[in-house]
Amino acid sequence: MLSTKVTEGSTTVSVPVPPEGVPFPPSEAPVFYNPHMELNRDISVAATSACAKRILLKKDMELKDITYLDAMSASGIRGLRIANEVGITSILNDWSDDAYGLILENIGLTGVSDIAEATCKNANVLMHERRFNIVDLDPFGSPTPYLDAATRSAVHFLEVTATDTAPLCGAHFNSGMRKYAAVPLNNEFHSEMGVRILLGKIARELAKHDKGMTPLLSHATRHYVRTYLQVKKGAKLADKAFKDLGFLSHCEHCGHREIFHGMAISISDHCSSCGNDVYIAGPLWLGQLHEPQYCDEVLLELEDRSLGTKEQAKKLILACRDELDIPFFYDQHVICKMIGVSAPAMDMFIAALRETGANVSRTHFTGISFKTDAKIDTIKDVLRSL
Ligand SMILES: C[S@@+](CC[C@H](N)C(=O)[O-])C[C@H]1O[C@@H](n2cnc3c(N)ncnc32)[C@H](O)[C@@H]1O
Ligand SMILES: [Zn+2]
């Protein structure tokens, strides 16, 4: 295998050069490496370090005794960065022999053999056999085939990437139904819907193992969703998580949205604002996507490090931290089109909406989106007035 050295953060590993003519990202290359996921990995290093510090606050253990499973390692770059840049023990697993060989080579290259272990197993088998303080899933496409084992294996934290955004966001409806057992809506806030469908699925998988979850940070970036969850054992905590599951209705006629907490509930299929038929999505996670204090911990970690995507990462985490805890956003351009006005500058619009007494924030999802507790009619009145 032709290889080249890449450095991310303070870690250098060997990665394959994809054969000529192989489309990018090179999922057909002997071992996968996607340079466009550096942002994802930079944030993972900072976020996992913040998780490790939280474990140390509660447990009498040393940093190197904390275990982090990189369940689908490929070249090992993610887990090796965690070992090298965070100092906890990484278990680097991949079922491909080519990947396993490269992981062994990279452990030597990075000089972390005292806190790195390579395994070559089906991730599901490994996660059913062993428990880890932190479990990280970074599969091709959907993480759903691994969630039963991962939610069983993760003792303190679970980190998940999903790149199957088309099923999650409603563009591939049947596939989304099969994988997530949830109804998505392919509308202007589908990206947030995708995050909430993924979290809803994880909450239900954790509940099977009598575990509850607290989302610490979740973001939809480019072609993927990434989430960091604190996991806690206890049937009551699992039951509590169910209170954060529910449904959302969306009226495409007037733009009104409504949420319904719980699984055994009755939902009107008529808009309470204009009376037209609504679309209903769910079950979704309706609770928090981010814990502001954790976001601050991650920001501190980012500040202390030399990272290729540092400024981009900080901007993203700040946007997540400052987002209102409301389970949907509005797209300013969609509402403007609905009422036939041109879109005003976002800052001016947000200031004017705040003057009505409403809470308003931007979101990390898109530059033209906002969250608010104002009613749709108030939003429209403000847009008409500008
Ligand atoms: C998206 S890549 C991982 C990328 C890597 N985490 C990174 O940051 O560069 C997915 C990897 O999962 C491996 N894989 C797929 N299914 C697996 C399974 N059931 N068990 C173990 N590894 C698996 C593939 O061989 C591939 O190397
Ligand atoms: Zn309506």
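We use all heavy atoms of the structure for the numbers below, so side chains are in, but hydrogens, waters and symmetry mates are not.
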Taking the basic N atoms (NZ, or NE/NH1/NH2) and the acidic carboxylate oxygens, is any pair closer than 4.0 Å for R130 and E117? yes
Quick one: are the ring centres of F349 and F370 less than 6.0 Å apart? yes
Gap separating the CE atom of M346 from the CD atom of Q332, nearest 0.5 angstrom: 5.0 Å
When the aromatic ring centroids of H250 and F189 are compared, is their separation below 6.0 Å? yes
Just by distance, with hydrogens left out, do Y180 and S142 show a side-chain donor and acceptor under 3.5 Å apart? yes
Is F173 atom CZ crowded by more than 12 heavy atoms from other residues, nucleotides or ligands, each under 6.0 Å away? yes
Less than 4.0 angstrom from a charged side-chain N to a carboxylate O is my criterion; do E205 and K211 meet it? no
Going by an N to O cut-off under 4.0 Å, is there a salt bridge joining R384 and D381? yes
Charged N to carboxylate O below 4.0 Å: is that the case for R362 and E323? no
Would you say the side-chain atoms of E38 and T309 include a donor-acceptor pair closer than 3.5 Å? no
Answer yes when K179 and D164 have at least one side-chain N-carboxylate O distance shorter than 4.0 Å, and no when they do not. no
Shared hydrophobic cluster, I335 / V360 (ILVMFWY, side-chain heavy atoms < 4.5 Å): yes
Between R257 and E188, is the closest basic N to carboxylate O distance under 4.0 Å? yes
Is atom NE2 of H172 surrounded by more than 12 heavy atoms (other residues, nucleotides or ligands) closer than 6.0 Å? no
Using a strict 4.0 Å threshold on nitrogen-to-oxygen distance, state whether R41 and D138 make a salt bridge. no
Residue that, paired with R226, satisfies side-chain hydrogen bond (donor to acceptor under 3.5 Å, both in side chains) out of T163, T221, T161: T161
Pair R305 + D42: basic N to acidic O under 4.0 Å: no
Salt-bridge test for R321 and D296: reply yes if a basic N is under 4.0 Å from a carboxylate O, no otherwise. yes
